[in-house]
Amino acid sequence: MRGLSFLMHRTRHITAGSRVCLVALSLLILMGTAWAAGPRGHKKARPKGGRIVLVHADRLHYDAMRNPEANILNGHVHFTHDNISLTCDSAYYYKNTNSFEAFGNVRMNQGDTLSLTGEYVKYDGDAQLAQARVNVHLRHRGSLLVTDSLDYDKLYETGYFFGGGRLRDSGNTLVSNTGQYDVKSRDAVFNYHVELTNKKFTLTSDTLYYNTITKVSKIVGPSNIISAGNKIYTEHGYYDTQRDYAQLFDRSVVQNGRSTMTGDSMYYDKKNGRMKAIGNIIYNDKESKNLLTGNYCEYSDTTGYAMATDRAEVRVYSSPDTLYMHADTFKIFSYNQHTDSVYRIIHGYHKARAFRADVQSVCDSLKYDSKDRRMTMYGNPIVWSNNQQLLGEEIQVFLNDSAVDSAHVLRQALLVQALDSSRYNQIASRVMYAYFKDGKIDWSMAKGNVDVAYYPYGSDSVIVGLNRMQTTELRMYMKDKKMSHIWSAPATGTMYPLKMATKSEALLDNFAWFDYIRPKNKDDIFEWKEKTAGTELRETNRRQAPLQKLSDIAREKLRTATKDN
C-alpha cells in the first residue's frame with residue numbers, strides 16, 4: 001500500500017478501514033509509475049537524505065490489518081527533514097523506509113523563502129523527493145506556481161509539474177501543459193501550449209525558458225508575440241518583458257501594421273519603437289508598395305524612418321513593372337503615417353543605379369517621392385529609355401502607374417538617340433523636357449542655347465542627310481523610335497549631304513554615349529561601372545552671391561576702431 005494518492009481523500013482525518021482502502025485504490029491509480037520514474041534532468045548519484053523526524057501528532061495508532069507498514073497519524077501532524085518542515089491534517093508514516101504520505105491542508109516550508117501547499121504529498125526522505133497532488137501552490141520569492149501535479153526535488157531544489165500549470169510573478173503569467181522551476185537560479189521551463197501574458201502583449205509557443213528575476217524569456221521554438229499593432233514571429237530569440245525589448249534570430253519577422261521586417265538577426269525596442277536588423281533584411285511596406293533590402297537596417301515604427309546599407313536595394317512595385325534601385329545607403333522618411341494620405345520620400349546615395357523594364361538610370365545620389373512619384377537624380381545623372389539617353393546636372397523623372405510619364409533635365413541637358421552603331425540624333429540645351437508614351441519618348445522640348453544634330457528621313461524611310469542647327473527653343477516629335485519632325489524658334493544651321501558630313505559635324509561638342517554603364521537587368525544595379533575619364537560634367541555655378549572685399553584703407557580703419565573699443 002505504498003503507492004497512494006489523494007484523488008478521493010478529501011477529509012481531514014483517516015477514519016474507517018473502508019475509507020482508507022478506497023483512498024488507497026484511488027491514489028494508486030493516479031500515481032501510476034510517476035514516482036518510480038524519479039526526477040528528470042539529474043543523472044548523478046544522489047546522496048542519501050537524513051532521517052525524517054516526527055515532531056507532533058494529536059493521535060498515533062497502528063492498524064496491522066489495513067496498513068501494516070505505517071504509523072497512522074491524525075491531528076496537527078508535523079514532520080521535519082533537514083531544512084524542511086511539513087504540517088498536515090493526517091498522515092501515514094513509514095519509519096522503516098524513511099518516508100510518509102501527508103493528507104489534508106498540507107504545507108511544506110523549505111527555509112524562509114519557499115512554501116508548498118496542497119491536499120496530498122508523498123515524501124521520500126532518503127531520495128529527498130516530494131510528490132504533491134491536488135490544488136498545489138508553490139510559492140517562492142514573489143512567484144507562484146499553481147498546478148494539480150508537482151514533483152519537487154529537494155536535493156536540486158527543482159519542481160516539475162505536469163497536467164497543466166500556471167506561474168505568476170509581479171508582471172507576467174505563464175501557462176503550459178508541463179514544465180519545471182529551479183529554485184536556485186529561478187529559471188523556469190515551459191513545454192506544450194505555452195502562453196505568456198501581461199498587460200502589454202501575449203506570447204505563445206511550444207517551448208519557453210523564463211527567469212523570474214530578470215523577467216527575460218528565451219524562445220527556442222516557433223513563437224508569436226502579439227501586442228497592440230505589432231506581431232513578432234520567431235523560432236529563436238530573447239524577450240525582456242520588463243523593457244519590452246526583443247533579440248530575434250534565424251529569420252524572424254516583425255510586423256507593424258501593414259509593414260514587415262525580416263532578417264537574420266533583429267533587435268527590437270518596442271517601448272521606443274526602434275529596430276535594428278542585420279543580415280539579409282527585407283522590409284516590406286505594403287501600404288506604399290515599397291520593398292527595402294540590405295544587410296544592415298534601422299527602422300522606427302513611431303516615425304516610419306528606415307535606413308539600409310550594405311548591398312541596399314529599394315523596390316517600388318506600385319506599378320505593373322517593378323522599379324529596382326540600389327545605392328550604398330538608402331533612407332526612407334514617412335509622412336502622414338496611418339492615414340489614407342501616407343507617402344514616403346526615399347533618399348539613395350552614393351553610386352545609385354536603377355532599373356525598370358522601360359527606364360534605367362545611374363547617378364551619384366537620388367530622391368524618390370511616392371506622393372508625386374518623382375525620382376530626382378543628382379551627380380552626373382543619366383537616364384535611358386529604349387535607344388534614347390538623357391543626361392544633365394539634375395534629372396527629374398515622373399512616373400505614373402504604368403510607365404515613365406516625363407523627364408526634366410536641368411542644366412547642360414543632352415538627349416541622344418542611337419540610330420545605329422555610328423549615327424546619333426542629338427539635342428543639347430540648358431534645360432530639356434521629355435514626355436513619354438507607352439514607355440517611349442513621344443516628344444521633347446529643349447530651351448536655351450539649343451544645339452541640334454539629327455538625321456532626317458525621306459518619304460522612303462531612308463536618311464537623307466545631317467541637319468546641324470542652333471536655336472533658342474526646339475520641339476522634337478518621335479515615331480517608331482525615330483525622329484519624325486521638329487519645330488523650332490528662328491534658327492540657323494546647315495543641311496549636309498550624308499556622304500559629306502564629317503565626324504566633327506556629326507557629333508556635338510558635348511556628345512557622350514554611356515551605354516556601357518547602363519544597367520542591363522535588376523541584378524546589374526549592384527555593379528557600379530565608372531565612366532571613361534574626362535567625360536564627367538563640370539557643374540555650373542548658379543546664382544552665387546558676389547564676394548565682398550574690403551580695401552586696404554577700410555581694413556585699417558576697421559582695425560583701429562576695434563582697438564579703440
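When a residue number appears, it is its place in the shown sequence, counting from 1.
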Is it the case that the side chains of [Y] and [X] hold a donor-acceptor pair, with the cut-off being a distance below 3.5 Å and no angle test?
{"X": "Lys215", "Y": "Ser170", "answer": "yes"}
{"X": "Asn290", "Y": "Tyr317", "answer": "no"}
{"X": "Arg274", "Y": "Ser300", "answer": "no"}
{"X": "Thr322", "Y": "Arg315", "answer": "no"}
{"X": "Lys331", "Y": "Tyr349", "answer": "yes"}
{"X": "Tyr454", "Y": "Asn467", "answer": "yes"}

[X] versus [Y]: any side-chain heavy-atom pair under 4.5 Å?
{"X": "Leu399", "Y": "Arg356", "result": "yes"}
{"X": "Gln389", "Y": "Asp515", "result": "no"}
{"X": "Leu292", "Y": "Tyr299", "result": "no"}
{"X": "Asn230", "Y": "Tyr268", "result": "yes"}

Step by step, would you call Arg258 with Asp285 a salt bridge (charged side-chain N to carboxylate O under 4.0 Å, His left out)?
CA-CA 6 Å; Arg258 296 192 63 195; Asp285 184 353; over 6 Å; no
Arg468 to Tyr496, cation-pi by 6.0 Å centre distance and 45° axis angle:
no
Could you tell me if Lys529 sits above the aromatic ring of Tyr516, with its cationic atom closer than 6.0 Å to the ring centre and no more than 45 degrees from the axis?
no
Verdict with supporting geometry, Asp264 and Arg251, side-chain contact (heavy atoms from CB on, under 4.5 Å)
CA-CA 5 Å; Asp264 292 344; Arg251 305 302 295 166; 3.0 Å; yes
Check against side chain to side chain donor-acceptor pair (under 3.5 Å), Arg344 and Ser370
CA-CA 5 Å; Arg344 308 283 192 269; Ser370 69; over 6 Å; no
Run the ring-centre check on His326 versus Phe355 and record whether the distance is less than 6.0 Å.
no
Please say whether more than 12 non-hydrogen atoms of neighbouring residues, nucleotides or ligands are located less than 6.0 Å from OH in Tyr209.
no
With a sphere of 6.0 Å drawn around CG of Asp340, does it hold more than 12 non-hydrogen atoms of other residues, nucleotides or ligands?
no
Just by modelled atom types, is the [Y] backbone N or O under 3.5 Å from a matching donor or acceptor in the [X] side chain?
{"X": "Asn336", "Y": "Thr339", "result": "no"}
{"X": "Ser385", "Y": "Asp358", "result": "yes"}
{"X": "Gln388", "Y": "Trp384", "result": "no"}

[Y] and [X] aromatic ring geometry - parallel, tilted or perpendicular at 30°/60° bounds:
{"X": "Tyr238", "Y": "His236", "value": "tilted"}
{"X": "Tyr424", "Y": "Phe511", "value": "tilted"}
{"X": "His347", "Y": "Phe333", "value": "perpendicular"}

Let me know which of Ile346, Val314, Val397 forms a side chain to side chain contact (heavy atoms under 4.5 Å, CB included) with Tyr368.
Ile346
How far apart are the C-alpha atoms of Thr241 and Asn172, what are their side-chain angles, what is the distance that settles it, and do they pass the side chain to side chain donor-acceptor pair (under 3.5 Å) test?
CA-CA 8 Å; Thr241 63; Asn172 300 303; 2.9 Å; yes
